[in-house]
2 protein chains.
Amino acid sequence: MRTIERLPKRQRQQQLSRLIEDNPFMTDRELNRLLKVSIQTIRLDRLELGIPELRERVKLMAERSYDSVRSLPLHEVIGDIIDLQLDKSGISIFEIREEHVFSRTGIARGHHVFAQANSLAVAVINDEIALTASADIRFVRSVALGEKCIAKAYVSSISGGSSKAKVDVFTYVGEEMVFQGHFVIYRSAGDEKLEGGDEHADRN
Amino acid sequence: MRTIERLPKRQRQQQLSRLIEDNPFMTDRELNRLLKVSIQTIRLDRLELGIPELRERVKLMAERSYDSVRSLPLHEVIGDIIDLQLDKSGISIFEIREEHVFSRTGIARGHHVFAQANSLAVAVINDEIALTASADIRFVRSVALGEKCIAKAYVSSISGGSSKAKVDVFTYVGEEMVFQGHFVIYRSAGDEKLEGGDEHADRN
DNA sequence: CAGCTGTTATCACCTGGTACTAATTTAGTA
DNA sequence: TACTAAATTAGTACCAGGTGATAACAGCTG
């Protein structure tokens, strides 16, 4: 057996890779039944392909998700709030990373930029519960992978003791403005028919 | 030993919970050394507390992250597009789940609802690259955990052979409108200074 | 003292493997 | 055809990290 026609092995190994890729929870036993080869062959194949055993695969996945939970994009506030004067103004920083961009072009997806601004607008309102009621937004220029977005929020009006506040948010990359939004935020004071959006999250 | 002074057990179990909580990758062996009790006691404690063994914990984490990858909130299109007539209209469904709501109240965070609408507005535009330029949005009422958001997008105008399209999106839960947005989308045709937001994602 | 809780110790067993050795099958060529 | 080498299968010992059952012991308490 020199070189020709040893495809079946290659093919099987490709299949094996694919199977494990799209269901990493398969045991060797299940795989040997699916691929109609002995369990030893499966193990040899994994060895050659550098695919770790089930438990290691599962552990790796868990570790990855454990790490990423610590910096999860859509839980709590998007972006790090670095300055906050309640009912007045606030500043947050948000770095555009792999998971935020469209892979073909490296341009940030709009909702991330929006989410940073929205989070900040909500955080700056000094209330137990604050929800976005409406917003008028503009993406001035596209934001690329690796760029740091600095969002600055200014409360422009707070209606008396009651329910609405207006917040303007401007997001910059360096000197350039990339986004602007005018938000109307509902506050908890005196209304039960809350209107949407985001609640107040921790302010650390 | 009636009731008084059996605190050490309770305390130990609390500590155990805490330890496992903030490092789920600990074996019973490591825990027994840390807490200075036998490994059997650790196992009994886990049993009483309903804490599964290391491998189960790790597997659960992996499964959670695996599930959420399949329906990842901010990658690709948010929501399932169930109908699409390019340059005309589109419909998508998005179910509000645990990871989309503010845990204290079960109210959906605004950017998810926005993200669904934004994704759909972009998807409905028949162009290689489409980016959100601006939007005017309103959260009509808050959306709760478990509710299914049906977003309907209508292209209201496409400016000649050139760069802008207007898309109106209305999102409903049952009969009720919960969100409305008017989007201006930039299209790839004839402009390099693209303006932000979201690119065109797969349409399946 | 009996009885109870709590703790520790053993022992058999389980899953999903690794590591190694050996036999068997298959295919290709001298 | 016989030889050779790769590929596959089989079997064994061993491992981590457990479960489950059973037993023994300590210490207090009524």
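So that the names make sense, note that chain A is the first sequence line, chain B the second, and so on, each numbered from 1.
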Quiz prompt | Nucleotide D:dG18, atom C1' - distance to NZ of A:Lys59 in whole Å | solution = 15 Å
Quiz item: Using 30° and 60° as the class limits, which term best fits the ring planes of A:Phe183 and A:Phe114: parallel, tilted or perpendicular?
Solution: tilted
Quiz prompt | Gap between atoms CG and P, on B:Leu54 and C:dT15 respectively (whole Å) | solution = 18 Å
Quiz item: Should A:Thr41 and A:Asn32 count as side-chain neighbours, where that means a heavy-atom distance under 4.5 Å?
Solution: no
Quiz item: Side chains of A:Val124 and A:Asp87: does their closest heavy-atom pair fall under 4.5 Å?
Solution: no
Exercise. Identify which nucleotide among D:dT8, D:dG18, C:dT7 has an atom closest to any side-chain atom of A:Lys9, counting heavy atoms from C-beta outward.
Key: D:dT8
Practice problem: Identify the residue among B:Phe170, B:Tyr172, B:Phe139 that makes a ring-ring contact (aromatic ring centres under 6.0 Å, His included) with B:Phe179. | Solution: B:Phe139
Practice problem: Using whole Å, report how far CD of A:Glu56 lies from C1' of D:dG17. | Solution: 13 Å
Practice problem: With a 4.0 Å heavy-atom cut-off, tell me which residues in residues 28-51 of chain A come close to DNA chain C, sorted by residue number. | Solution: A:Asp28, A:Arg43, A:Arg46
Quiz item: Do the side-chain N or O atoms of B:Arg55 get closer than 4.0 angstrom to the phosphate oxygens (OP1, OP2) of C:dG16?
Solution: no
Self-check item: B:Arg46: side chain to side chain donor-acceptor pair (under 3.5 Å) partners, not counting sequence neighbours
Solution: B:Asp28
Quiz item: Looking at B:Arg141 and B:Glu147, does any basic side-chain N land under 4.0 Å from a carboxylate oxygen?
Solution: yes
